[in-house]
Each structure stands twice: as structure tokens, then as C-alpha cells.
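Working notes, beginning with the structure itself.
Just so it is clear, the structure is predicted and the values come from calculations on it, not from any experiment. To find a chain, count down the sequence lines: A is the first, B the second, and so on, and within it residues start at 1.
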Amino acid sequence: MKSMKKAFFTLAVAALLLSACNGKAKKEAAAALEAAEIQRIDSVTMVMENLKGQIDFTVEEVDQLINEL
Amino acid sequence: MKTMNKILTLLLILCLTGLFNTSVFAQLGKKVEEAEKENVSKEKTEQGGLENKVKQAEEQAAPAKKKAPAQTQKEEEVVVPEPVKVFTPKVIEYTHTTSVQAKETQLMKKGELKATVADADTKVLEARTKLAAAREALEKDKKAKKIKEAAYYEKLDKIMKAEKAVNDLELTVQKGKELTMD
């Protein structure tokens with residue numbers, strides 16, 4: 001009976017430790033996923049912003065060339 | 001005793017589930033790392049491509065000197081290549097802490113790009129009309145011999161340059177349309 005109690009106690013501690021580790025791992029995985037998502041969105045935003053700049057630049061160029069005609 | 005056994009079995013199941021979950025999270029972490037690495041390598045290749053384009057444009061801007069090395073002093077003084085303006089994309093760093101913030105910024109930039117694309121689209125149409133009219137007038141002048149050949153070719157060159165710029169603008173507008181399309 002005593003050894004049973006010991007085993008029970010050890011298992012309970014192990015279960016607690018595992019659940020704690022799982023919680024931490026979950027949080028870390030969620031943070032990494034969030035960071036990757038932010039990076040993905042930001043890279044698309046940067047492409048958009050640069051494209052807008054390029055359009056503005058080319059419009060200016062076209063205006064200048066047409067005025068020179 | 002039976003209850004004890006049941007509890008022990010339950011705890012064992014809990015432990016096993018925990019172990020399984022830990023391995024799953026480890027795998028997930030690896031996947032995320034791989035995705036990040038892929039993103040970084042993609043950005044690098046994109047930047048490399050852009051740098052190459054800029055280099056090409058710079059080379060195009062000053063080809064005369066490279067192709068003709070044996071020039072006299074006088075010619076060197078006369079031929080001054082105009083620096084060609086080239087659009088250089090910027091590397092923008094955002095300070096978003098959440099994906100919601102990042103999405104909000106993206107929405108805002110998307111709206112701005114949409115407006116710019118619409119304006120540029122109108123500009124393309126206007127420019128095409130003006131260029132067609134200019135070309136027609138030039139051909140008429142040539143036929144009526146109102147214009148000298150040198151002047152004709154000079155104006156034709158200008159028109160062709162403008163047409164090239166309009167084509168470039170149209171391509172960029174097309175890219176913008178694809179990017180803002182939902």
C-alpha cells in the first residue's frame with residue numbers, strides 16, 4: 001500500500017510537471033506563430049508601399065515626358 | 001485498491017498525453033522556424049533581384065563611356081550622360097507587436113495603393129490619347145514637309161520614350177491591381 005502511495009505521488013508530480021511544460025511550450029509556439037504572421041503581413045505591406053512609390057515615380061516621369069512633347 | 005488502480009491508470013494516460021503534446025509542440029516549433037527561414041531567404045532573393053535591376057539601370061544610364069574607350073578629350077567634354085532617375089525600393093521596418101496591428105496597417109496601405117492605382121489608370125488612358133495625337137500630328141507634319149527630318153526623328157524619339165514610360169506605368173498598375181484584388 002505504501003509503495004502504491006509513493007507511485008501515486010510520483011505520477012501526480014510528473015503529471016503536474018508535464019502540464020506546466022505543455023503550457024509553456026504552447027505559449028512559445030503561439031508567440032512564434034504570431035511573429036511569423038506579423039512578418040508575412042509586413043512583407044506584403046512593404047511590397048504595397050514600394051509599388052505605390054513606384055507608380056507615383058512613373059506617373060511623374062510620364063507627365064514630364066508628355067510635357068516635353 | 002481498485003480505485004487506486006483506476007487513478008494510477010488515469011495518471012499514466014495523462015502523462016502519455018502530455019508527452020505526446022510536447023512532441024507535437026516541438027514539431028510545430030520546428031515548422032515555424034522553417035517558415036521563418038523561408039521568409040528570410042525569399043526576402044533576400046527579392047532584394048538581390050531589385051539590386052540587380054538597379055545595377056542594370058545604372059549600366060544602361062552610362063553605356064557610352066564603356067563602349068567607346070578611345071574618345072578624344074573634346075568628345076568627353078561634350079558627351080555628358082544624363083543621370084537616369086531610377087526608382088529604388090525602400091526596406092521599411094514596421095514596429096507591429098500584434099498581427100492585428102499589422103493587418104490594420106496593411107489595410108490602410110492597401111486603400112492608398114488602390115487610390116493610386118485608380119489615378120494611374122486614368123493617367124495611362126490620358127497619356128495614350130495624347131501620345132496618339134502627337135504621333136498623328138507628327139506624321140501629318142512629315143507628310144506635308146512642314147518639319148525637317150532631324151526634328152522629326154527627335155520628336156519621334158521623345159514620343160517613343162514617353163510610350164515606353166506609359167507601358168512601364170501600365171505594367172506597374174497591373175501589378176498594383178493584382179495586389180489589391182481580393
* Region of Thr98(B) in contact with chain A, defined by heavy-atom distances below 4.5 Å -> both

* Asked: Checking salt bridge (Lys or Arg N to Asp or Glu O under 4.0 Å) for the pair Lys123(B)/Asp119(B): CA distance, chi angles, key distance, verdict?
  -> CA-CA 6 Å; Lys123(B) 180 67 75 182; Asp119(B) 288 347; over 6 Å; no

* Side-chain ion pair, Arg128(B) and Glu170(B), N-O less than 4.0 Å -> yes

* Asked: Is the shortest distance from a Lys or Arg side-chain nitrogen in Lys52(A) or Asp56(A) to a carboxylate oxygen in the other one below 4.0 Å?
  -> yes

* Any side-chain donor near an acceptor of the partner, Glu49(A) and Tyr94(B), under 3.5 Å -> yes

* Asked: Checking heavy atoms, do the side chain of Lys90(B), its backbone, both or neither come under 4.5 Å from chain A?
  -> both

* Answer with side chain, backbone, both or neither: which region of Lys130(B) has an atom nearer than 4.5 Å to a non-hydrogen atom of chain A? => side chain

* **Phe57(A) versus chain B, the contacting section by heavy-atom distance below 4.5 Å** => side chain

* **Lys85(B) portion near chain A, given a 4.5 angstrom heavy-atom threshold** => both

* Asked: Charged N to carboxylate O below 4.0 Å: is that the case for Lys155(B) and Asp141(B)?
  -> no

* Without hydrogens or angle criteria, can the side chains of Glu126(B) and Thr122(B) be said to hold a donor-acceptor pair below 3.5 Å? -> no

* Structure fact -> Greatest number of non-hydrogen atom pairs under 4.5 angstrom with chain B, of Asp42(A), Ile66(A), Thr58(A), falls to Asp42(A)

* Asked: Based on non-hydrogen pairs under 4.5 Å, which of Val44(A), Leu65(A), Leu51(A) is most in contact with chain B?
  -> Leu51(A)

* Just wondering, are more than 12 heavy atoms of other shown residues or ligands nearer than 6.0 Å to CD in Glu139(B)? -> yes

* Contact part of Ala127(B) toward chain A, heavy-atom cut-off under 4.5 Å: side chain, backbone, both or neither? -> both

* To do: Please look at Leu169(B) and chain A and tell me whether the side chain, the backbone, both or neither of the residue comes under 4.5 angstrom of a heavy atom of that chain.
  => both

